[in-house]
Amino acid sequence: MKRQEIKEILQSEAIGDTVKVNGWVRTKRESKNVNFINLNDGTVLDNLQIVADVNIFGNEILRKVNTGAALSVVGELVESQGQQNVELIAKEIEVIGEADPDKYPLQPKRHSLEFLREIAHLRYRTNTFSAIARVRHSMIFAVHKFFTEKGFFNIHTPIITSSDAEGAGEMFQVSTLDMENPPRKEDGSIDYSEDFFGKKTNLTVSGQLEGELAALALSKIYTFGPTFRAENSNTSRHLAEFWMIEPEMAFCDLNDNMDLAEEFLKYLINYALENCQTDLKFLSQRQQQEEKNKPQDQRSMELIEKLKFVADNDFVRLTYTEAISILQNSKPAQKGKFKYPVEGFGTDLQSEHERYLVEKHFKKPVILIDYPANIKAFYMKVNEDDKTVAAMDVLFPQIGEIIGGSQREERYDVLVEKMEAMDIPLEEMNWYLDTRRYGSVPHSGFGLGFERLITFVTGMTNIRDVIPFPRSPKNCEF
Ligand code: ATP
Ligand code: MN
């Protein structure tokens with residue numbers, strides 16, 4: 001008999017049908033004559049309740065039916081008064097894989113997220129992490145759908161790269177040299193000409209520079225790939241390995257870029273609202289449960305309400321300089337409540353400042369533009385004031401920066417001057433400069449941190465809970 005998935009069964013509610021289901025036991029409740037088994041196969045949040053008659057199956061089988069065990073059950077679907085409208089009266093039960101109830105780490109109770117992080121290899125088997133996994137999948141699909149509908153091409157940019165122009169000391173080196181005993185040049189330095197690629201190589205921190213090459217031929221491209229940053233920031237917003245989506249568009253200025261970023265984020269959120277209802281409802285309840293002991297004014301907006309709010313409202317757009325003045329005049333600044341003081345033009349905004357603007361001042365997502373040139377990357381277009389660059393950061397509640405982007409400097413001379421000033425090796429970047437030598441055009445793009453998006457959409461508070469196997473300083477399990 002062919003197996004049916006629980007999602008399908010709960011949707012069809014085909015009373016009277018005989019079906020076969022496979023899955024893992026979440027809970028078992030024993031009463032005198034029957035056992036109630038909650039079976040989950042991951043296709044949907046909800047469990048299917050199996051009713052097993054003790055007289056038919058006996059202790060021989062039922063004692064192996066424990067939380068975590070894998071079962072295959074054939075039975076008849078009947079109407080139910082329980083959580084679902086249908087349940088399964090078991091006719092055959094096969095225990096496919098046992099789980100020793102004394103050793104299985106996931107007990108049928110609420111576990112803390114910290115504990116689940118320690119057993120991340122099993123956390124898919126919880127409601128929270130299976131819900132996140134399904135939402136994550138939907139968001140991956142929606143990213144490709146959005147760009148495909150708009151005529152963008154997906155480009156695979158390299159993961160191993162020899163350019164460290166962007167990395168600024170935050171890169172993971174890739175090498176096959178013997179670290180204990182590397183080949184050395186006469187001056188004692190390591191001889192990378194003997195390394196695998198004949199030069200020093202790293203894991204990529206962004207696919208942008210290569211993305212630009214493609215955009216300046218294909219018009220509209222996007223990348224969606226893994227990104228690696230060895231920044232030593234042990235925060236709830238940073239991972240050492242994360243996924244980034246980077247669209248890049250030719251013939252596109254900063255305004256078009258902002259429009260696309262806003263439309264994109266709203267599209268993704270609406271997609272989640274339409275396609276992930278069951279999981280979002282659950283995640284919303286989870287969040288409320290977790291926050292129930294917090295004072296009222298520190299609780300988050302209800303998850304679905306929050307998502308609708310962002311999808312339905314225009315983002316605020318303002319310049320960095322305007323933001324600095326709002327921040328300097330703010331209550332926390334005047335009472336000395338910011339950990340990092342806002343000195344004035346040139347201050348690099350911290351997450352606390354970004355969140356103040358979004359959560360307290362505007363109460364809406366904010367797009368900040370025109371940052372001081374010296375706190376931003378070399379490739380950003382210099383504005384007419386010669387002080388600022390055409391950068392944009394999209395700031396979200398709870399997250400802070402979710403997108404960072406810019407219009408790129410397309411003028412060869414300006415770019416070269418900037419690179420020299422910032423000590424970017426021109427020779428190594430010759431390939432990049434070729435785009436400015438031949439048929440250069442105004443172009444723009446941005447990077448969306450995929451896990452920051454998922455953090456926002458799921459209402460989780462720690463980015464390590466929205467990627468299955470998080471990598472962060474001193475942590476690379478599994
Ligand atoms: P932040 O200031 O928050 O560290 P950034 O300015 O270094 O971010 P960008 O280089 O602009 O980030 O990267 C684009 C996007 O990638 C960011 O807006 C963010 O969503 C995401 N991102 C950056 N660093 C990380 C990280 N370590 N872990 C997860 N996402 C990240
Ligand atoms: Mn940024």
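Along the sequence shown, the residues carry numbers beginning at 1.
Taking all atoms of both residues into account, the shortest heavy-atom contact from Leu273 to Lys308 is CD1-CG, 3.8 Å. Contact between Ile424 and Phe378 at its shortest, heavy atoms only, is CD1-CD2, 3.7 Å. Shown here for Tyr432 and Arg436, the closest heavy-atom pair between the two residues is OH-NH2, 2.9 Å. Nearest approach of Leu106 to Thr67, heavy atoms of both residues: O-CG2, 3.6 Å. Pairing each heavy atom of Leu426 with each of Val416, the nearest pair is CD1-CG1, 4.0 Å.
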With salt bridge (Lys or Arg N to Asp or Glu O under 4.0 Å) as the test, would you mind laying out the steps for Lys266 and Glu262 before giving the verdict? CA-CA 6 Å; Lys266 287 178 171 172; Glu262 182 167 344; 2.7 Å; yes
May I have the step-by-step check of salt bridge (Lys or Arg N to Asp or Glu O under 4.0 Å) for Lys364 and Asp314, ending in yes or no? CA-CA 8 Å; Lys364 272 184 189 182; Asp314 287 344; over 6 Å; no
Check the pair Phe396, Phe315 against ring pair (Phe, Tyr, Trp, His ring centres under 6.0 Å), reporting the backbone distance first and the verdict last. CA-CA 10 Å; Phe396 260 31; Phe315 296 1; 5.8 Å; yes
Trace of the salt bridge (Lys or Arg N to Asp or Glu O under 4.0 Å) decision for Lys363 with Glu359: CA-CA 5 Å; Lys363 298 191 165 66; Glu359 291 166 23; over 6 Å; no
His443 vs Cys252, test: side-chain contact (heavy atoms from CB on, under 4.5 Å). Steps then yes/no. CA-CA 5 Å; His443 62 289; Cys252 172; 5.6 Å; no
Can you check side-chain contact (heavy atoms from CB on, under 4.5 Å) on Gln208 and Tyr379, steps first, answer last? CA-CA 10 Å; Gln208 180 201 315; Tyr379 48 71; 3.1 Å; yes
Please assess Glu290 against Lys292 for the test salt bridge (Lys or Arg N to Asp or Glu O under 4.0 Å), listing each intermediate value before the final yes or no. CA-CA 6 Å; Glu290 192 163 279; Lys292 73 172 191 288; over 6 Å; no
Run the side-chain contact (heavy atoms from CB on, under 4.5 Å) test on Asn475 and Arg117 for me, step by step, so that the C-alpha distance in whole Å, both residues' side-chain angles and the decisive distance to 0.1 Å come before the verdict. CA-CA 11 Å; Asn475 174 24; Arg117 239 169 265 150; over 6 Å; no
Decide yes or no on side-chain contact (heavy atoms from CB on, under 4.5 Å) for Phe446 and Ser406, but give the supporting numbers first. CA-CA 6 Å; Phe446 60 80; Ser406 68; over 6 Å; no
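Shown here is Phe251, whose CZ atom has no more than 12 heavy atoms of other residues, nucleotides or ligands within 6.0 Å. Around atom NE2 of His121, more than 12 heavy atoms belonging to other residues, nucleotides or ligands sit under 6.0 Å away. Applying the 6.0 Å contact sphere to CZ of Phe141 captures no more than 12 heavy atoms from other residues, nucleotides or ligands.
Looking only at distances, a side-chain donor or acceptor of Arg134 sits under 3.5 Å from a matching main-chain atom of Gly42. Remark: the backbone N or O of Asp256 is paired with a side-chain donor or acceptor of Asp253 at under 3.5 angstrom. Looking at Lys306, its side chain does come within 3.5 Å of a backbone N or O of Phe456 through a donor-acceptor pair. Not one N or O on the side chain of His137 forms a donor-acceptor pair closer than 3.5 Å with the backbone of Val135. Side-chain atoms of Glu451 come within 3.5 Å of backbone N or O of Trp243 as a donor-acceptor pair. Side-chain N or O atoms of Arg229 include none that pairs as donor or acceptor with a backbone N or O of Leu239 at under 3.5 Å. Without hydrogens or angle criteria, Glu212 side chain to Glu248 main chain gives no donor-acceptor distance under 3.5 Å. The backbone N or O of Trp24 sits nowhere less than 3.5 Å from a side-chain atom of Asn40 that would complete a donor-acceptor pair. No donor-acceptor distance shorter than 3.5 angstrom exists from the side chain of Glu241 to the backbone of Arg471, with no hydrogens or angles considered. A donor-acceptor contact shorter than 3.5 Å links the side chain of Arg411 to the backbone of Val382.
The shortest distance between side-chain heavy atoms of Arg3 and Asp41 falls below 4.5 Å. Residues Met139 and Ile454 form a side-chain contact, since some pair of their non-hydrogen atoms from C-beta on lies under 4.5 Å apart. Looking at Tyr271 and Phe146, their side chains never come closer than 4.5 Å, going by heavy atoms from C-beta outward. Counting heavy atoms from C-beta outward, Pro158 and Glu210 have side chains that approach closer than 4.5 Å. Annotation: side chain of Glu194 is in contact with side chain of Asp191 (closest heavy-atom distance under 4.5 Å). For the pair Gln287 and Glu291, the minimum side-chain heavy-atom distance is below 4.5 Å. Side-chain contact between Leu265 and Val394 is present, with heavy atoms from C-beta onward closer than 4.5 Å. Between Leu218 and Ile155, some side-chain heavy-atom pair lies under the 4.5 Å cut-off.
Close placement of the Phe224 and Phe450 rings is indicated, their centers lying within 6.0 Å of each other. Two rings, from Tyr340 and His353, have their centers 6.0 Å or more apart. Aromatic rings from Tyr124 and Phe129 are positioned such that their centres are separated by 6.0 Å or more.
At a cut-off of 3.5 Å, with distance as the only test, a side-chain donor of Asn127 or Arg26 sits close to an acceptor on the other residue. Residues Glu410 and Ser440 have side chains that never bring a donor and an acceptor to within less than 3.5 angstrom of each other.
Interatomic distance, OG1 of Thr461 versus CD of Gln398, reported as 9.0 Å (0.5 Å rounding). Separating the CZ atom in Phe362 from the CG atom in Leu357 is a distance of 6.5 Å, to the nearest 0.5 Å. For the atom pair CZ of Phe478 and CG of Leu122, the computed distance is 8.0 Å after rounding to the nearest 0.5 Å. Note that CG of Asn232 is 10.0 Å distant from CD of Glu170, once rounded to the nearest 0.5 Å. The line from CG of Leu280 to CD of Glu274 is 11.5 Å long, rounded to the nearest 0.5 Å. One finds the CD1 atom of Ile467 at 10.0 Å from the OG1 atom of Thr455 (value rounded to the nearest 0.5 Å).
For Lys150 and Tyr267, the positive end is not near the middle of the six-membered ring at less than 6.0 Å and at most 45° from its axis.
Taking the six-membered ring where tryptophan is involved, the planes of Phe345 and Tyr320 are perpendicular, since the angle between them exceeds 60° and thus also 30°. Under the 30°/60° scheme for interplanar angles, the aromatic rings of Phe152 and Phe147 are found to be tilted.
With Lys376 as reference, Asp393 is the one residue of Asp393, Asp348, Asp370 to meet the salt bridge (charged side-chain N to carboxylate O under 4.0 Å, His left out) rule.
Remark: Glu354 pairs with no residue by the salt bridge (Lys or Arg N to Asp or Glu O under 4.0 Å) rule, at least two apart or across chains.
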What pairs of donor and acceptor atoms, side-chain ones from residues 329-336 against any protein atom, are under 3.5 angstrom apart with sequence neighbours left out?
from: Asn329; atom 1: ND2; to: Ser325; atom 2: O; distance (Å): 3.0
from: Ser330; atom 1: OG; to: Leu327; atom 2: O; distance (Å): 2.6
from: Ser330; atom 1: OG; to: Ala333; atom 2: N; distance (Å): 3.3

